[in-house]
There are 2 protein chains.
Amino acid sequence: MKRSSSDNPHDSLTPRQREILDFIRANLDERGAPPTRLEICQAFGFASPNAAEAHLRALSKKGAITMEAGSARGIRLAEHPGGLPLIGSVAAGSPLLALENQRGKIQIPPNLFSARADYLLQVRGNSMTGAGILDGDLLAVHRTVDARSGQIVVARLGDEVTVKRLKRRGGRIELLAENPDYPPIVVSGPLVIEGLVVGLIRDGRTL
Amino acid sequence: MKRSSSDNPHDSLTPRQREILDFIRANLDERGAPPTRLEICQAFGFASPNAAEAHLRALSKKGAITMEAGSARGIRLAEHPGGLPLIGSVAAGSPLLALENQRGKIQIPPNLFSARADYLLQVRGNSMTGAGILDGDLLAVHRTVDARSGQIVVARLGDEVTVKRLKRRGGRIELLAENPDYPPIVVSGPLVIEGLVVGLIRDGRTL
DNA sequence: CGGATAGCTGTATGAAAATACAGCCATCCA
DNA sequence: TGGATGGCTGTATTTTCATACAGCTATCCG
């Protein structure tokens, strides 16, 4: 019963292993504690606790979970435990998600918004106040290069990272601020769409 | 060693019991599983596992936790298990948090913002666009009657629930919109402060 | 073909954990 | 004055769990 052969030890789980991992996750969500070997057996119809044990060992070896030896319900998810990385000021020329740009993690479920959020970006400046985006707000960004006209995007122009509304006018691409003090940017140089703004979080301090 | 006497079975914990509950919460957050009796003993310096057992029984009787009998690490928090209630349109005259007003739960850690959020309220209308609060936004509200001048509050005037900036001018209380189309409200009748706006969440759909 | 890996059954065993029983001391309340 | 409650010590006893050992059947790779 084998099919995909992962010579690399630290990645792709088999479908069965993914099922087990999902079960562990579900247990954690719904009951607030990881399952025992026996509970896994019952859920999957195994006759032997060793079946569960072997699966856990495999998941552990592949890095999907860790196990506290000798502890009841000692299964721990290795996953990013719920938080999204917060990107602050971006160092010139560096990729947004580079570790040097990360200011920490924020406890937000990635599926909170209508599209999956990959990271949070803190807004600097007032160029988007007209869209209700204020200085200091956190923007939830979905990583994609596939942006349509009219959407608010995180874009990179050379070394500069900026948040603007994207407009395609005929063959031209424009980045529009939502503030009369800021003129539209007509794109000439290389433009990289870093992602789509899919949500916004503001702390009351700034209100 | 007793002081507060709760004849009511389902509320106020003693300081010690609160410490125990906090420890359980911390364990759950940091390790992903509830503690065992022994772990509680070690954390608090108890010599007997029964000390922990007794505390758990007390917490269980007061409704702060539930326990799965015969299960290792069977402590479960009785708390709103993640997620703040979302309040939509408010029925006239009913308390904000009445079940009839609740539209569901949103997976947000209550401590995401600088003050604890108790529920989320969906904004209707454009009276606060100047403060970056748009129609459809979710406001994180901290329940308190203690609001200072200049803060944005959730207030009730008679049957009407509204979000405005609170101003105390001399002896007068005013509720200010942040939109020139909406005139200030000078409070004359009974005013109830339902809470303080401590955060804002906006879905990308509306951007 | 001979491993290596995946996915199991079946049986043990010892450590981990829940939980009962028997007390002790203090504080509050009726 | 005598419960009732809170906060513990100390000792057992029984489950629950983790985990090792021994096998079995597949499938894929070199």
Side-chain angles (χ1 to χ4, degrees), chain A residues 1-21 23-24 27 31-76, chain B residues 1-21 23-24 27 31-76:
Chain A
M1 262 178 215
K2 198 195 172 187
R3 85 230 45 72
S4 79
S5 108
S6 69
D7 29 36
N8 187 329
H10 265 274
D11 59 357
S12 55
L13 304 179
T14 68
R16 196 56 163 164
Q17 285 167 358
R18 197 161 293 277
E19 282 185 71
I20 304 278
L21 186 59
F23 175 72
I24 296 170
N27 244 263
R31 302 202 328 161
T36 67
R37 274 59 166 172
L38 247 180
E39 284 166 356
I40 296 176
C41 289
Q42 285 161 7
F44 287 87
F46 299 157
S48 169
N50 194 43
E53 179 74 20
H55 273 296
L56 293 177
R57 279 169 137 63
L59 286 172
S60 181
K61 202 165 63 173
K62 292 189 178 179
I65 61 173
T66 61
M67 287 194 280
E68 284 186 19
S71 168
R73 301 182 190 275
I75 306 169
R76 306 284 175 261
Chain B
M1 259 179 216
K2 197 193 174 188
R3 85 234 44 74
S4 80
S5 109
S6 69
D7 28 37
N8 187 330
H10 265 275
D11 60 355
S12 55
L13 305 180
T14 68
R16 196 57 163 161
Q17 286 166 358
R18 197 161 292 278
E19 282 186 70
I20 303 277
L21 186 60
F23 175 73
I24 296 169
N27 244 263
R31 302 203 328 162
T36 66
R37 273 64 164 169
L38 247 180
E39 284 166 357
I40 295 176
C41 288
Q42 284 161 8
F44 287 86
F46 298 158
S48 169
N50 194 43
E53 179 75 19
H55 274 296
L56 293 177
R57 277 169 140 63
L59 286 172
S60 180
K61 203 165 63 170
K62 293 190 178 178
I65 62 172
T66 61
M67 289 193 282
E68 286 186 16
S71 168
R73 300 180 189 276
I75 305 169
R76 307 283 176 262

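Here is the naming used below: chain letters follow the sequence lines, and residue numbers restart at 1 for every chain. Computed over heavy atoms, backbone and side chain alike; hydrogens, waters and symmetry mates excluded.
The base of D:dT9 lies close enough to the side chain of B:Asn50 for a donor and an acceptor atom to sit less than 3.5 Å apart. Side-chain to base pairing of B:Thr14 with D:dG6: no donor and acceptor N or O lie closer than 3.5 Å to each other.
Contacts of B:Ala69 with the nucleic acid, taken as non-hydrogen atoms under 4.0 Å apart, involve only primed sugar atoms and P, OP1 or OP2. Within 4.0 Å (heavy atoms only), A:Ser48 reaches at least one base atom of the nucleic acid. At the heavy-atom level, B:Ala51 lies under 4.0 Å from base atoms of the strands shown.
A 4.5 Å side-chain heavy-atom check between A:Met67 and A:Leu56 finds at least one atom pair inside the cut-off. For the pair B:Leu38/B:Gln42, a side-chain contact is recorded, criterion being any heavy-atom separation below 4.5 Å from C-beta on. With contacts defined as side-chain heavy-atom distances shorter than 4.5 Å, the pair A:Leu59/A:Ile24 qualifies. Taking 4.5 Å as the limit, some side-chain heavy atom of B:Glu39 sits within range of a side-chain heavy atom of B:Arg73.
Remark: A:Arg57 is in phosphate contact with D:dA20, judged by side-chain N or O atoms under 4.0 Å from OP1 or OP2. Using a 4.0 Å cut-off, no side-chain N or O of B:Arg16 falls inside it from OP1 or OP2 of D:dG6. A sub-4.0 Å separation between OP1 or OP2 of D:dC17 and a side-chain N or O of A:Arg37 is absent. Put simply, A:Lys61 has no side-chain N or O that comes within less than 4.0 Å of OP1 or OP2 on C:dA4. Distances shorter than 4.0 Å separate some side-chain N or O of B:Lys62 from OP1 or OP2 on D:dG6.
Within a 6.0 Å sphere centred on CZ of A:Arg16, heavy atoms belonging to other residues, nucleotides or ligands number more than 12.
The nearest whole Å value for the distance from the CG atom in A:Leu13 to the P atom in C:dG7 is 10 Å. Protein atom CD of B:Glu68 is 14 Å distant from nucleotide atom C1' of C:dA17, rounded to whole Å. Note: CZ (B:Phe44) to P (D:dG7) measures 11 Å, nearest angstrom. Taking atom NE2 on A:His55 and atom P on C:dT9, their separation rounds to 9 Å, with Å as the unit. The interatomic distance linking A:Leu38 (CG) with D:dT19 (P) rounds to 14 Å, in whole Å. When the P atom of D:dT16 is taken as reference, atom CD of A:Gln42 falls 11 Å away, rounded to whole Å. C:dA18 atom C1' lies 10 Å from atom CE of B:Met67, rounded to whole Å. In this structure, CG of B:Leu59 is placed 16 Å from P of D:dT5, rounded to the nearest angstrom.
Between B:Ala54 and B:Gly70, it is B:Ala54 whose nearest contact on DNA chain D lies nearer the 5' terminus.
Listed candidates were C:dA17, D:dA18, C:dC8. Nearest to the side chain of A:Ser71 is C:dA17. Among the nucleotides D:dG6, C:dA18, D:dT9, the one closest to the side chain of B:Phe46 is D:dT9. In this structure, the nucleotide among C:dT11, C:dT19, C:dA6 sitting nearest to the side chain of B:Pro49 is C:dT19. For A:Glu53, the listed nucleotide lying nearest its side chain is D:dA18; candidates were C:dT19, C:dA17, D:dA18.
In this structure, B:Arg76 contributes its side chain and B:Glu68 its backbone to no donor-acceptor pair below 3.5 Å.
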